[in-house]
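Let me begin by presenting the structure, written as structure tokens, before commenting on it.
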Amino acid sequence: MADSTKINIKRVEELMLNFHLTRYPDLLQKYRDSRKLRDIFPTVTAIKDKVVFTEMEVGEVAQAYQAKWTPKGDLNLVPEEYQVRYMKVDKTIDPNSLRQTYMADAIPGAKSVEHEVVRKFYGSIMERAGRDTDNALVNGKYVAPTEGTAGGSLQMVDGLKEVIKGFVTKKQITPFTMSADMDDTNACLIVRELWEQIPEAFRYNIDLKCYMFDSTWDKYTQSYDANYGTIRDFSEEKRHFVRNTDCEIVRIPYGGASDMVVFTIDKNIRLIDNDPNDAFNFEVEKEKRMINYMMDWAAGIGFVIVGEAEKPENQYVWCNNFDYIKASIPGA
């Protein structure tokens, strides 16, 4: 074990900086690989401040030829603007505290193992940053930063719950009412009941998806087994679809105990990402004998198209009156 007097702060800085310069693409990939939401939702990249979605799902585009023009109805486009917010990793290391850790033997000398040590240290930071980002993109509620005061990761951006609540408040989304609160005896029946409230033109769309959190999925599978686990056509695959439909159920992590259930067309929910635009900035505070490094990036989440306010028939996102909404809307 190396003695604390042999720990060279400048050497620690050099090891980390050199590793960063040579392995930055690997570090960035580690951050990306830790982002579970990227496997669920398409990602829009290289957005620095805000993005305006102006796409729309058109239900029917092909018609039999007729001599006269036969309009199928009005197309009312409602652009949705989303703000991209910044998040950062800002870590302070006390090199002397490392003498008690697995890094101790690597610091004094230039051994081959030192890069593996730094890789492990960097890797843990990237994994944590990825998890925190996804958590914020689900549960976050943006709070304007106060100069000189660090905020929490959940204050970096409005997450999926907050975005939906905002559209409910603006009456672009009218939540469905459930006949009962979901539990592990009725969840699969309630989800089917919610699906039946979607307009028929979208209810049978092959691209319609049902999104729910892991806690709801647990209730769903428990109730599915209790209601259908002994019938002849039961199969594991069927549990991943709303009962007797082609509507696939997609699980979202980090939802806690929320019973949120959201239906929308596949790829309508988008992540908004700006890959880290700054390299790690290394500074050594000579008096405090500390090493600081930082990385920042922009992130957000939103819907390509939601619908028109006060017009539920033109709604493109459907959800239940889940706990977050009920607790957040006055009078609900």
Side-chain angles (χ1 to χ4, degrees), residues 9-10 12-14 16-17 19-21 24 27-28 30-32 34-35 37-38 43-53 80-98 121-167 169-170 254 256 270-303 324 327-330:
I9 298 175
K10 196 63 179 177
V12 177
E13 178 196 18
E14 290 172 356
M16 298 183 72
L17 180 58
F19 186 81
H20 164 71
L21 293 175
Y24 186 69
L27 296 172
L28 193 57
K30 190 75 170 179
Y31 167 74
R32 292 188 182 123
S34 301
R35 298 279 309 283
L37 293 187
R38 292 176 70 101
T43 303
V44 181
T45 59
I47 306 298
K48 291 185 179 296
D49 52 0
K50 63 183 178 181
V51 60
V52 178
F53 288 124
E80 302 296 346
E81 179 179 304
Y82 299 93
Q83 193 72 33
V84 181
R85 307 291 186 184
Y86 276 88
M87 183 179 184
K88 69 174 182 176
V89 168
D90 191 355
K91 184 72 173 174
T92 299
I93 307 171
D94 178 1
N96 286 312
S97 68
L98 300 179
F121 185 83
Y122 260 140
S124 66
I125 294 296
M126 292 296 96
E127 289 173 355
R128 176 62 185 271
R131 294 195 301 269
D132 283 356
T133 300
D134 277 357
N135 188 18
L137 290 174
V138 171
N139 298 297
K141 183 173 182 179
Y142 177 71
V143 175
T146 301
E147 186 174 353
T149 302
S153 62
L154 292 180
Q155 298 176 345
M156 77 172 239
V157 68
D158 285 341
L160 183 62
K161 296 177 185 178
E162 185 73 12
V163 168
I164 292 175
K165 189 195 77 168
F167 285 121
T169 301
K170 292 185 291 186
Y254 303 105
R270 302 288 179 92
L271 297 182
I272 309 164
D273 257 354
N274 183 25
D275 283 337
N277 64 337
D278 289 330
F280 287 85
N281 296 316
F282 286 84
E283 296 179 1
V284 177
E285 297 181 358
K286 297 290 194 287
E287 294 180 2
K288 295 182 180 179
R289 297 176 61 83
M290 297 291 185
I291 297 175
N292 296 331
Y293 66 92
M294 186 270 284
M295 156 189 161
D296 70 352
W297 62 93
I301 192 168
F303 295 94
Y324 189 87
S328 304
I329 296 179

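One is the number of the first residue; the rest follow in order along the sequence.
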Find out whether [X] and [Y] are in side-chain contact, i.e. whether some heavy atom of one side chain is under 4.5 Å from a heavy atom of the other.
{"X": "Trp297", "Y": "Met87", "answer": "yes"}
{"X": "Ile93", "Y": "Met16", "answer": "yes"}
{"X": "Val84", "Y": "Asp49", "answer": "no"}
{"X": "Lys165", "Y": "Tyr324", "answer": "yes"}

Count the heavy atoms of every other residue, nucleotide or ligand shown that sit under 6.0 Å from NZ of Lys170, and state whether that count exceeds 12.
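Yes, the 6.0 Å shell around NZ holds more than 12 heavy atoms from other groups.
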Is it true that the side chains of Asp273 and Thr45 contain a donor and an acceptor less than 3.5 Å apart?
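No pair is found: no donor N or O on one side chain lies under 3.5 Å from an acceptor on the other.
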Any idea how Tyr82 and Phe167 line up, ring-wise: parallel (<30°), tilted (30 to 60°), or perpendicular (>60°)?
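The arrangement is perpendicular - the two ring planes meet at more than 60°.
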When you measure from the side chain of Asp158 to the backbone of Val163, do you find a donor-acceptor pair of N or O atoms at a distance under 3.5 Å?
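A pair under 3.5 Å: no.
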Is a side-chain donor or acceptor of Asn139 paired with a backbone partner of Tyr254 at a separation under 3.5 angstrom?
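Yes, because the side chain of Asn139 sits within donor-acceptor range (under 3.5 Å) of the backbone of Tyr254.
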Atom of [X], atom of [Y] and distance for their closest heavy-atom approach:
{"X": "Ser34", "Y": "Asp134", "answer": "O-OD2, 4.1 Å"}
{"X": "Thr133", "Y": "Ala299", "answer": "CG2-CB, 4.3 Å"}
{"X": "Ala136", "Y": "Ser153", "answer": "CB-O, 3.3 Å"}

Quick one: side chain to side chain donor-acceptor pair (under 3.5 Å) partners of Lys141, sequence neighbours excluded?
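In terms of side chain to side chain donor-acceptor pair (under 3.5 Å), with neighbours along the sequence ignored, Lys141 is linked to no residue.
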Pairing residues for Asp90 by the salt bridge (charged side-chain N to carboxylate O under 4.0 Å, His left out) criterion, not counting sequence neighbours:
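Testing Asp90 for salt bridge (charged side-chain N to carboxylate O under 4.0 Å, His left out), a comparison that skips the adjacent residues, returns Lys88.
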Test of understanding: with side chain to side chain contact (heavy atoms under 4.5 Å, CB included), list the residues that count as partners of Arg128, not counting sequence neighbours.
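Residues passing side chain to side chain contact (heavy atoms under 4.5 Å, CB included) with Arg128: Arg131, Asp132.
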